[in-house]
Amino acid sequence: MELHERIDRRRSARDGRGIVVDYEYLSPVVHRTEPIGRGPVLEQLLDAFEPAFDGDLPAPVAVTGPPGSGTSAIVVALFDAMNDRLGETGRSIGTTTRAARAEPITWFVYVDARRVRSEFAFYRAVLSALSTEAIPESGVGTAALRDRLQDRLARHDRRAIVAIDHHDEPETLSYRRARELLDPVSESLSTVAVGRDTPDEWGETTVAVSAYRGHELVDVLTDRVSTALSPGTIDHESVRRLSEWADGNAHDALAALYGAADRATESDADRIQPRHLERAMGDVPENSVHVDRALSLSRTRQQVLSTLVSIEPADRPIRDIADEIATQSSLTAGTVKRFLYELADRGVIERVPLPINGTGRRPSAIELRFPTIVFQSLTPASDEESDFDLDG
DNA sequence: GATCCACGGGAATACACGGATG
DNA sequence: CATCCGTGTATTCCCGTGGATC
């Protein structure tokens, strides 16, 4: 962000008397362009990518780290920077096209497996990153996309390093599957596996990211606070308390910070008070699922979740809840029920046994497993017809 | 060049059956 | 055994795309 932009945002925030200057920068699903305190890890990754500087293809590498340790943030930031330096835009263009084509161009492609659940979507994601023209979202076969990708890489002597993030989460594209899809396409493709663990039988380099230590997480929070909130909105003691509570998990800490700012704004407070903070921390479940897991769901599923949050789901059988949600949506009760079981299967919500009343199989109630304040704030309203891109 | 239409992917929905429980 | 929950899957629907047809 440019300095004048920052200043303008501050000024407009003062005009509006809001404590949040920049919701985007406060969001736990938005990554900083410059990761805080991760120099050594970045160096290790640069070592692994070293061959790319000579136009060669680096070997596959795995990046692992516990939840909230910032593996995604690191890879996203580094890939952006590498494309900036080594990609087409980083080279001289125009009259030197012919010269530039003589040497291979290496692209760093980041694929979020949470948002890529089919072969079609995977090829589309990779191809989009390598092309400037629009890639069809439907109406064309998977094989056609694969052929286009193959052609794209072969014809222009391109290399691509594809990161598959969250490859080891439930319902996401596995690393093995991604390799199976990429291998027949081209020799000029390498991969980076980003997740909690390495893929099975991993024989390649691994860069392990550890959880943030206390003071590091304080630094991360302080950075967000200083940019996203008006000065004096939250005191240092609260930031430290937040960091301690989150125990090294940046997602939990940022989700709670966002929630606290939201609560304070909601109650027209001019600063984040302890009760806002406590309320927000209570909104982040223990072993919380990353809010982006919920935000990467299809729009209809997000709407079901959003309605679910707004009604009181505790101690009610799934059937009841599904019926009520269905009345507030265009979906049938059967479909909502199907969705709820599916979301429970993915771990976004949890089924808890309900005491029996009457005959038949025991029903379950539902517990939410993600930070709801952030989710409600970041999920599009149900009547919103705009087709803005959730991937952006 | 305009229009039509078959195709493919993906989401929604229907449905059936297995299993738990009183 | 009656009942209802939970789950796997078949079917239907929707719609963008791009080649065929006029």
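Heavy atoms only: backbone and side chains are in, while hydrogens, waters and symmetry mates are out. In what follows, chains are A, B, ... by sequence order, proteins preceding strands, each numbered from 1.
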Legend entry - Among A:Thr198, A:Thr71, A:Val41, A:Ile74, the one residue meeting side chain to side chain contact (heavy atoms under 4.5 Å, CB included) with A:Val63: A:Thr71

Rounded off to whole Å, could you give me the [atom1]-to-[atom2] distance for the [X] and [N] pair?
X: A:Glu119; N: B:dG8; atom1: CD; atom2: P; answer: 15 Å
X: A:Leu340; N: B:dT13; atom1: CG; atom2: C1'; answer: 15 Å
X: A:Arg146; N: B:dG8; atom1: CZ; atom2: C1'; answer: 14 Å
X: A:Glu342; N: B:dG10; atom1: CD; atom2: P; answer: 15 Å
X: A:Phe122; N: B:dG10; atom1: CZ; atom2: C1'; answer: 19 Å
X: A:Arg299; N: B:dA12; atom1: CZ; atom2: C1'; answer: 17 Å
X: A:Tyr341; N: B:dT13; atom1: OH; atom2: P; answer: 18 Å

Inset, instruction - Inspect the contact between A:Arg176 and A:Asp168 and indicate whether a charged nitrogen and a carboxylate oxygen are less than 4.0 angstrom apart. - result: no

Legend entry - A:Arg117/A:Glu171 salt bridge by N-O under 4.0 Å criterion: no

Inset, instruction - Any chance you could lay out the side-chain contact (heavy atoms from CB on, under 4.5 Å) test for A:Arg114 and A:Asp292, step after step, and finish with the verdict? - result: CA-CA 9 Å; A:Arg114 283 175 184 155; A:Asp292 194 51; 3.3 Å; yes

Is the shortest side-chain N/O distance from [X] to OP1 or OP2 of [N] below 4.0 Å?
X: A:Arg301; N: B:dA12; result: yes
X: A:Ser138; N: B:dG9; result: no
X: A:Thr335; N: B:dA11; result: no
X: A:Thr300; N: B:dA11; result: no

For [Y], is there any backbone N or O sitting under 3.5 Å from a side-chain donor or acceptor partner on [X]?
X: A:Arg351; Y: A:Ala344; result: no
X: A:Ser267; Y: A:Arg263; result: yes
X: A:Ser364; Y: A:Val352; result: no

Legend entry - Bounds of contact between DNA chain C and chain A, in 5' to 3' order, using a heavy-atom cut-off under 4.0 Å: C:dT3 to C:dG18

Inset, instruction - Please confirm whether A:Phe370 and A:Phe375 have ring centers closer than 6.0 angstrom. - result: yes

Legend entry - Position toward the 5' end of DNA chain C (nearest nucleotide), A:Gly139 or A:Lys337: A:Lys337

Counting the atoms with a prime plus P, OP1 and OP2 as sugar-phosphate, which does [X] contact under 4.0 Å by heavy atoms, base, sugar-phosphate, or nothing?
X: A:Phe120; answer: sugar-phosphate
X: A:Arg338; answer: base
X: A:Ala144; answer: nothing
X: A:Gly141; answer: sugar-phosphate

Inset, instruction - Identify whether NZ of Lys or CZ of Arg in A:Arg224 sits under 6.0 Å from the centre of the six-membered ring of A:Tyr258 and within 45° of that ring's axis. - result: no

Mind listing the N/O atom pairs, protein and nucleotides 18-20 of chain B, below 3.5 Å?
from	atom 1	to	atom 2	distance (Å)
B:dG18	N2	A:Arg361	NH1	2.7

Legend entry - Hydrophobic cluster identity match, A:Val284 and A:Val289, side-chain contacts under 4.5 Å: no

